[in-house]
Participant: 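Below is the structure I would like to discuss, written out as structure tokens.
Scope of the values below: all heavy atoms of this structure, side chains included, with no hydrogens, waters or symmetry mates. What you are looking at is a predicted structure, and each value in this text was computed from that prediction instead of being measured. Count residues from 1 along the sequence.
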Amino acid sequence: QVQLVESGGGLVQAGGSLRLSCAASGGTFGSSKMGWFRQAPGKEREFVASVSWNWSGGMTYYADSVKGRFTISRDIAKNTVYLQMNSLKPEDTAAYYCATLASWPKTPAGYWGQGTQVTVSS
């Protein structure tokens, strides 16, 4: 059973930065793909970014709305995926979730964390 725990959310002013973390356990982290998704109040959950890796390398993929501002990365030794968010905008306000992916680049496998809230004030 894969377990995912997100952290790092908070309140930040527009233009600021946050780094989210997602610690994974219970799965095979050495060869995997994971993603970040977000859900704002009254809206459907949407894809943000994903990272795929194996022991020889990896790939990343981003939603157009965050491309150039957000960076996804992973630390295999720590079983952790990160989302560095820069130049935050009020429209980035949402609960952010990490998830394992069933297929590249953004089909979730069904394992989700509890989410971490990001609020960007204008």
Participant: So, do Gln117 and Leu11 sit near enough that their side-chain heavy atoms are less than 4.5 Å apart?
Facilitator: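 Answer no - side chains too far apart.
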Participant: Rounded at 0.5 Å granularity, tell me how far CE in Met85 sits from CD1 in Ile72.
Facilitator: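 Met85 CE to Ile72 CD1: 11.5 Å, rounded to 0.5 Å.
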Participant: Which residue pairs pass the salt bridge (charged side-chain N to carboxylate O under 4.0 Å, His left out) test with at least one member in residues 92-102, sequence neighbours excluded?
Facilitator: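 Sorted pair list: Arg38-Asp92, Arg69-Asp92.
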Participant: Between atom OG of Ser65 and atom CD of Glu46, what is the distance when rounded to the nearest 0.5 Å?
Facilitator: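 Going from the OG atom of Ser65 to the CD atom of Glu46 covers 5.5 Å.
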Participant: Hey, any chance Val66 and Val12 share a hydrophobic cluster, counting ILVMFWY side chains that come within less than 4.5 Å of each other, even indirectly?
Facilitator: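 Looking at the clustering, Val12 is in the same group as Val66.
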Participant: When you group the ILVMFWY residues by side-chain heavy-atom contacts below 4.5 Å and let the links chain together, are Trp112 and Val51 in the same group?
Facilitator: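 Different hydrophobic clusters.
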Participant: Using 0.5 Å steps for rounding, measure from the CZ atom of Arg74 to the OG atom of Ser32.
Facilitator: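 Going from CZ on Arg74 over to OG on Ser32, the span is 11.0 Å.
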Participant: So do the side chains of Met34 and Leu4 get within less than 4.5 Å of each other, counting heavy atoms only?
Facilitator: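 Yes. Closest side-chain heavy atoms under 4.5 Å.
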Participant: Where do Ser17 and Ser87 come nearest, in terms of heavy atoms and distance?
Facilitator: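 Where Ser17 meets Ser87 most closely, the heavy atoms are OG-N, 4.4 Å.
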Participant: Tell me, which pairs form a ring pair (Phe, Tyr, Trp, His ring centres under 6.0 Å) where one or both residues lie in residues 70-102, sequence neighbours left out?
Facilitator: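 Qualifying pairs: none.
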Participant: Among all residues two or more places apart in sequence or in another chain, which pass the side-chain hydrogen bond (donor to acceptor under 3.5 Å, both in side chains) test with Ser121?
Facilitator: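 side-chain hydrogen bond (donor to acceptor under 3.5 Å, both in side chains) list for Ser121, sorted by chain: empty.
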Participant: Could you check if a side-chain atom of Ser50 sits within less than 4.5 angstrom of a side-chain atom of Trp36, using non-hydrogen atoms only?
Facilitator: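 In short, these two side chains do not touch, never coming nearer than 4.5 Å.
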Participant: Is a donor on one side and an acceptor on the other found under 3.5 Å between the side chain of Thr93 and the backbone of Val120?
Facilitator: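 The answer is yes, because a donor-acceptor pair under 3.5 Å joins these two groups.
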Participant: Between side-chain atoms of residues 98-109 and protein atoms elsewhere (two or more places apart, or another chain), which donor-acceptor pairs fall under 3.5 Å?
Facilitator:
from	atom 1	to	atom 2	distance (Å)
Ser103	OG	Thr107	OG1	3.1

Participant: Got a sec, which residues hit side chain to side chain contact (heavy atoms under 4.5 Å, CB included) with Ala23, two or more places apart in sequence or on another chain?
Facilitator: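 Only Thr80 meet the side chain to side chain contact (heavy atoms under 4.5 Å, CB included) criterion with Ala23.
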Participant: So does Glu6 get a backbone contact from the side chain of Gln114, meaning a donor-acceptor N/O pair under 3.5 Å?
Facilitator: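 Flag set: sc Gln114 to bb Glu6 pair under 3.5 Å.
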Participant: Are Tyr111 and Phe37 connected in a single hydrophobic cluster, I mean Ile/Leu/Val/Met/Phe/Trp/Tyr linked by side-chain heavy atoms less than 4.5 Å apart?
Facilitator: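 In one cluster: no.
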Participant: Holding to ring-ring contact (aromatic ring centres under 6.0 Å, His included), I want the full list of residues that pass it with Tyr61, two or more places apart in sequence or in another chain.
Facilitator: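 Tyr61 satisfies ring-ring contact (aromatic ring centres under 6.0 Å, His included) with Phe47 once adjacent residues are dropped.
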Participant: May I ask you to test the Leu83-Thr71 pair for a side-chain heavy-atom distance under 4.5 Å?
Facilitator: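 They are not in contact (no side-chain heavy atoms under 4.5 Å apart), so the answer is no.
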Participant: Partners of Gln84 by side-chain hydrogen bond (donor to acceptor under 3.5 Å, both in side chains), sequence neighbours excluded?
Facilitator: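 Gln84: side-chain hydrogen bond (donor to acceptor under 3.5 Å, both in side chains) contacts with Asn86.
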Participant: List for me each residue that meets salt bridge (Lys or Arg N to Asp or Glu O under 4.0 Å) alongside Lys67, sequence neighbours excluded, and say none if there are none.
Facilitator: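 Here the qualifying residues are Asp64.
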Participant: Can you tell me if Thr116 uses its side chain to pair, donor with acceptor, with the backbone of Ser7 under 3.5 Å?
Facilitator: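 A pair under 3.5 Å: no.
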